[in-house]
Each structure stands twice: as structure tokens, then as C-alpha cells.
*Asks:* 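Provided herewith is a single structure, encoded as C-alpha cells, for subsequent inquiry.
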Amino acid sequence: MGKSDEKYVQAPLGMKDIFPEERLLWIEMENAAREEFEIAGYHEIRTPVFEDTRLFVRSIGEATDIVEKEMYTFGDSAGTSITLRPENTASVMRAYLQYELYKTKKFQKFYYIGSMFRKERPQAGRLRQFHQMGIEAIGSNDPLLDVETIKVATRVYDRLGLGGYVVKINTIGCEKCRPGYREVLKNELSKHKDELCELCQARIDRNVFRVLDCKNKKCKEIRKNVPNTEDHTCNDCLEHFKIVKGAFKDINLEYTLDPHLVRGLDYYTKTVYEITHSAMGARDTICAGGRYDNLISDIGGPPTGAVGFAAGMEASMIALLKTRKENQESKPDTSPLAPDVYIVSIGDESRNYCFKLLNQLRQGGIKVDMDYECRTAKAQMKVANKLDSRFTIIMGTDEIEKGVIKLKNMHTGDEDFSEDTDKIIEIVKGNN
RNA sequence: GUGGGUGUAGCUCAGCUGGUUAGAGCACCAGGUUGUGGUCCUGGGGGUCGGGGGUUCGAAUCCCCUCACUCACCCCA
């Protein structure tokens, strides 16, 4: 079969397979996240991978690129429009609302880890099916929670040994002061419209805040003379932000104030933040989040303060791999995928005997495998070596007749005989 | 959606301005060692040179189309 064969099918664009070796890193990252999340009192919620399309349109915002052109939207047989989740926050809020969790316990903490879907052109660390892990603290306006969520994210990275990340924070105001600032920005920038890059000219009407983080030189020049976010933020938001900054100091967490930091999703209010990593290059955000006090009311619930983040797992992994490579971390002596024992069967007549032994050893908790290709003893030994098996058991007619098991230590080359399977299990387990 | 780059063996890649049966390293398989790995030696299998069309006596090489992958932009994690 060739790649031109009409039967040949490959994974759709932007979809990736993760094989056992790479999966080890995923497990490591997931475990680090789970442990830190649980330590901070966040518990896992698993929401459906698809939702009613309206949920995302209302929460993320109609005019965002995600909703306009990046969602995987289908009609089901009943004619309702469903969409593969492009992010998880909306779903968590929907669940909070749907089960009226606020009635029994207003304040709740959740975390999630899972696949998200966005139909965009894939590139480094960005796929159409990608993975995010994140936390949400729902039901409180406490600024301390803004900082808590950031601290939890950094603890996950610290646990993984990812150094060199930068925490950036900003406030984007609330529904009271944000519209006013939007108008001021529009007016100011319109005066220099001709000097702005083509993209920013469009952004003035579309999403004026985006001009603030444009990388174009001229745009950077122009916005220097534009009033700052904080000048147009209401007292409420300023006070909130002040407490946030103070809390950073209290727990010795470093941050960079980035007045140009904006968010692309409509639901953010007040504090927004990003964690970036230099190993990434052009697109350096590995984690982003903020407060979204209006999201729940936007989808029909009571006014409810909430804050959280989403970390891109592929992006985080690229950063992690790069720093590990730079630090030249030594590889473990034994492969985590290696079996403890590989059974070499000599002669077809011994195979059933070996299969029985294999199952006895597995019953005893030993990671053990054998040859299923009826290969020569030499070939089986090679496989054992390749798998990095610590032991081999060599069984031929001699051993079976004598009623013994021949155990070979692959590191030392020593061979031992034993009549007792339990003794074998003991030896293997004692040699970790 | 826009722009650039790349498609030759399972993997990483050679293959000069078109010239005989398309190569290397690694990996794989077998033998050397008739029941024993990691080193070494010997041999072997595997490619319609992404696909289609064109130019030519002759195309992996030049031209066109197409597909795939990849990087960047937009946007976002």
C-alpha cells in the first residue's frame, strides 16, 4: 500500500497521535497538574466534548475569530446545532448553572484536563485538536483568588521543573468602565488611522483593544500617546487590582505589569494574565486566564464572580522539552516502558508452558512478556535486550523436563535455576 | 483565510547545471554462535523519488497542476 492508494487514509489536518513514549511526558504533566490542583482545593470536572453551539456564541463572543471561523459546528439529526468545545470554561459555567450549584454552595472550585478543538491552520504547538488544563474558582469576587489561580499555575510549572517563565498581569476593567475606555481608544486611534498597519485599521472597529498588543513598530509608536488602561479604570477595578498586586508581594510571586495585555475572549473582566516562556518564539503564551465576572450572567445565571486559567499543554510541553534539553538532563537508566522479565521459549512445544508461566508471573505483579512470533532463541534474546528487560526466563525442553525455571539477569549475565515460581517473583521484585 | 519552505527506504538525509539497473547511515531480517542479548563481521529485504500531466532521445532533477507536511501571519492556549 502506498500513500497514493485510494484506500490510504491519514489523520485529518491538525490531528496528532501520541505514542507510548511521548505519552510518558503527558502523564508526567497531567500528574503534576492534578496534584497541585488538588492541593489548592480544585477538583476535577469532566464536561462533554461538545455543547449546544449557543453556549460558545454567548460566552466567547459573537465577533471573536473563534466563534466566527474556528469552531467545529455540526447539525445533529434533530436539527440542533452542536459544537466541539473550543475551550472549557463555558462548559464548566454551564454545568454550574444547569445544576444550580450556587444554591447549595455558592463558592466552588473545579479543574479540567482535556481536548479542545479549533479549526485553524496548525503550526508549532498548535493543533486542531489540542489539550488544555485549567482551573476555575466560581462564586467569589475576591481579588486574592486572581492571585491564587496564577500561583497554582506557576506551582505546576515549578513542579515540572520548567524555569524561565514570566507572569504578566493587567486589568481590563469591568462592564462599567470598559465601554468608556473603548470609546476613548477608538477616538484617539482614529486620529492616526492612516498611520496604523492595515490590520489595526480594521481592529479599531472590530476589537480596538487588540491594537494595544500589535507588534508593528508604527502602531507601537502611536499607542505610546494613547491614554493608559488604568487612567480610565473605575475606582472599583483599581482597588481590586491594587489588592491583586499586594497579594503578589505577600507571597513573593514575581510579576510583570503589562498595560498592553488584552484578551481575545469577550468574557474577561478586571484582572487578566498570561504566563509566557521565551523558549516558544513568536507565540510565547503557555498559559492565560483572568477574571470573568459576567460570563455566568451572560448565559442566563445570577451575577457570579469567577476567575481561572487555561494552560496550553502542547505549548507548555514544548517549553518544558526545550528547557530540559538545555539543562541536558540525563535519561533514566531503565526505560519506563521496559518489562521486568521477557520469556524466551525454545521450541514450539515449550510455548504453552511459557504462556502458563507468563500468566503466573503477571498474577504476581511482574511486568512480563514473551515472544508471539515463534522466533529463534537468539532473536528472542535480542528482543529482550532491545526492550531493556532486566531479566529473561529461558525455557526449553531441558528445563521443562527437569521442572526448573532458568532466570537470567541481563545486566550481569548470571543465570539461576529455580523450581518455584514464587521464588522467581521474589527475586525479580527484589531487584528493582 | 494569507504568505514562505519542504516532499527520495521505517527514520535522518545524499543525489552537481536532466544521462546507464536511485545511494548512505541508523533501524529491520538472517547467518557467523545447530538453546543465549548488548560488541564485531558477512549477507539480505525494503523505494511506481508525494500524485497527475507536460517538455525531451532520456526526468528524482526542468515547467504546470494537485495533494500532503511544515513554519510564520491573523487569532488564540
Side-chain angles (χ1 to χ4, degrees), chain A residues 1-6 8-14 16 60-61 63-71 85-89 114-128 130-134 153 197-200 202-203 206-207 210 213-216 262-265 268 273-277 280-290 308-319 342 344-347 350 373 375-400 406-415:
Chain A
M1 188 188 78
K3 293 186 178 178
S4 56
D5 193 311
E6 59 177 18
Y8 176 84
V9 172
Q10 62 177 337
L13 182 66
K16 206 186 148 203
I60 296 168
T64 58
D65 273 34
I66 293 178
V67 169
E68 273 186 352
K69 50 190 191 191
E70 290 181 358
M71 296 203 305
R85 60 184 185 194
E87 56 102 52
N88 213 337
T89 299
S115 294
M116 311 297 154
F117 304 84
R118 289 182 202 174
K119 200 165 55 195
E120 59 184 348
R121 288 288 285 273
Q123 58 186 282
R126 277 193 290 164
L127 297 164
R128 289 185 162 194
F130 61 105
H131 299 80
Q132 289 187 333
M133 51 193 194
C197 72
E198 216 172 289
L199 233 93
C200 281
R203 286 201 264 234
R206 199 180 142 73
N207 185 352
R210 275 280 158 209
D213 70 347
C214 181
K215 291 168 194 86
N216 185 290
V262 298
R263 300 275 76 222
L265 281 60
Y268 285 105
Y273 56 86
E274 270 183 14
I275 298 177
T276 61
H277 198 280
M280 294 290 295
R283 181 65 212 164
D284 60 359
T285 304
I286 55 177
C287 174
F309 70 76
M313 293 181 73
E314 281 83 358
S316 299
M317 217 165 280
I318 287 174
Y342 191 81
V344 173
S345 57
I346 298 163
S350 65
E373 298 167 271
R375 305 181 67 184
T376 62
K378 181 176 174 169
Q380 291 183 53
M381 287 303 292
K382 278 187 148 183
V383 171
N385 189 62
K386 184 135 203 156
L387 291 173
D388 201 21
S389 184
R390 281 159 46 230
F391 291 94
T392 46
I393 283 175
I394 299 149
M395 295 299 293
T397 42
D398 284 5
E399 286 78 10
I400 293 170
K406 189 196 268 185
L407 181 72
K408 176 170 182 166
N409 183 318
M410 293 296 274
H411 297 317
T412 63
D414 297 342
E415 292 184 351

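Just so you know, these numbers use all the heavy atoms, side chains as well, and skip hydrogens, waters and symmetry mates. Letters A, B, ... are given to chains in the order of the sequence lines, protein chains preceding strands, and every chain is numbered from 1.
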*Asks:* Using a cut-off of under 3.5 Å, enumerate the N/O to N/O pairs linking the protein to nucleotides 45-47 of chain B.
*Replies:*
none

*Asks:* Over how many whole Å does the gap from A/Ile60 atom CD1 to B/C75 atom P extend?
*Replies:*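 The answer, rounded to whole Å, is 16 Å.
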*Asks:* So, using side-chain contact (heavy atoms from CB on, under 4.5 Å) as the criterion, who are the partners of A/Ala319 when residues are at least two apart?
*Replies:*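 Residues passing side-chain contact (heavy atoms from CB on, under 4.5 Å) with A/Ala319: A/Leu162, A/His277, A/Met280, A/Ile286.
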*Asks:* Please enumerate all residues that pass salt bridge (charged side-chain N to carboxylate O under 4.0 Å, His left out) together with A/Arg203, with sequence neighbours excluded.
*Replies:*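 Here no residue qualifies.
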*Asks:* Under the rule for side-chain contact (heavy atoms from CB on, under 4.5 Å), what residues qualify as partners of A/Ile346, not counting sequence neighbours?
*Replies:*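 Applying side-chain contact (heavy atoms from CB on, under 4.5 Å) to A/Ile346 gives A/Val344, A/Ala377, A/Ile394.
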*Asks:* When every nucleotide of nucleotides 25-30 of chain B is labelled 5' to 3' by its protein contacts under 4.0 Å (heavy atoms), B for base, S for sugar-phosphate only, - for none, what sequence of letters results?
*Replies:* --SSSS
*Asks:* Heavy atoms under 4.0 Å, any strand shown: does A/Arg263 hit a base, just sugar-phosphate, or nothing?
*Replies:*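 The answer is sugar-phosphate, as A/Arg263 gets under 4.0 Å only of primed atoms, P, OP1 or OP2.
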*Asks:* Output all residues satisfying salt bridge (charged side-chain N to carboxylate O under 4.0 Å, His left out) with A/Glu399, sequence neighbours left out; order by chain, then residue number.
*Replies:*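 So A/Glu399 forms a salt bridge (charged side-chain N to carboxylate O under 4.0 Å, His left out) with A/Lys406.
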*Asks:* Output the pairing pattern of RNA chain B as a dot-bracket string, 5' first, Watson-Crick or G-U wobble with both distances under 3.5 Å, | for cross-strand pairs, [ ] for crossing pairs.
*Replies:* (((((((..((((.....[...)))).(((((.......))))).....(((((..]....))))))))))))....
*Asks:* Under the side-chain contact (heavy atoms from CB on, under 4.5 Å) test, which residues partner A/Val383, sequence neighbours left out?
*Replies:*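 Testing A/Val383 for side-chain contact (heavy atoms from CB on, under 4.5 Å), a comparison that skips the adjacent residues, returns A/Tyr342, A/Arg375, A/Leu387.
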*Asks:* Nearest whole angstrom, please: distance from the P of B/A77 to the CD of A/Glu274.
*Replies:*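 After rounding, the reported distance stands at 8 Å.
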*Asks:* Could you tell me which residues satisfy side-chain hydrogen bond (donor to acceptor under 3.5 Å, both in side chains) with A/Lys16, sequence neighbours excluded, listed by chain and number?
*Replies:*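 A/Glu22.
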*Asks:* What is the distance, rounded to the nearest whole Å, between atom CD of A/Gln123 and atom P of B/A77?
*Replies:*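 In whole Å, B/A77 P and A/Gln123 CD are 14 Å from each other.
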*Asks:* For A/Gln380, enumerate each residue passing the side-chain hydrogen bond (donor to acceptor under 3.5 Å, both in side chains) test, keeping only those at least two apart in sequence or located in another chain.
*Replies:*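 Applying side-chain hydrogen bond (donor to acceptor under 3.5 Å, both in side chains) to A/Gln380 gives none.
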*Asks:* Measure distances between side-chain N and O atoms of A/Gln380 and base N and O atoms of B/G35, and say whether any donor-acceptor pair falls under 3.5 Å.
*Replies:*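 Checked by distance alone, the answer is no.
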*Asks:* What is the separation between atom CG on A/Asp398 and atom C1' on B/G35, rounded to the nearest whole Å?
*Replies:*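 After rounding, the reported distance stands at 8 Å.
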*Asks:* Name the residue closer to the 5' end of RNA chain B, choosing between A/Arg203 and A/Ala124 according to the nucleotide with the nearest heavy atom.
*Replies:*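 So the residue in question is A/Ala124.
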*Asks:* Which atom names give the shortest non-hydrogen contact between A/Tyr273 and A/Phe309, and what distance separates them?
*Replies:*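 Shortest heavy-atom contact: OH-CB, 3.3 Å.
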*Asks:* Could you check A/Gly14 against A/Glu70 and say which one's nearest nucleotide on RNA chain B is further toward the 5' end?
*Replies:*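 Its nearest nucleotide lies further toward 5', so the answer is A/Gly14.
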*Asks:* Given atom CG of A/Asp414 and atom P of B/U36, what is their separation to the nearest angstrom?
*Replies:*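 Going from A/Asp414 (CG) to B/U36 (P), I get 18 Å.
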*Asks:* Mind checking salt bridge (charged side-chain N to carboxylate O under 4.0 Å, His left out) for A/Arg128 and listing every partner two or more places apart, or none if nothing turns up?
*Replies:*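 Once residues adjacent in sequence are excluded, A/Arg128 has no partner under the salt bridge (charged side-chain N to carboxylate O under 4.0 Å, His left out) criterion.
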*Asks:* Polar atoms only, N or O, under 3.5 Å: list the protein pairs with nucleotides 3-10 of chain B and their distances.
*Replies:*
none

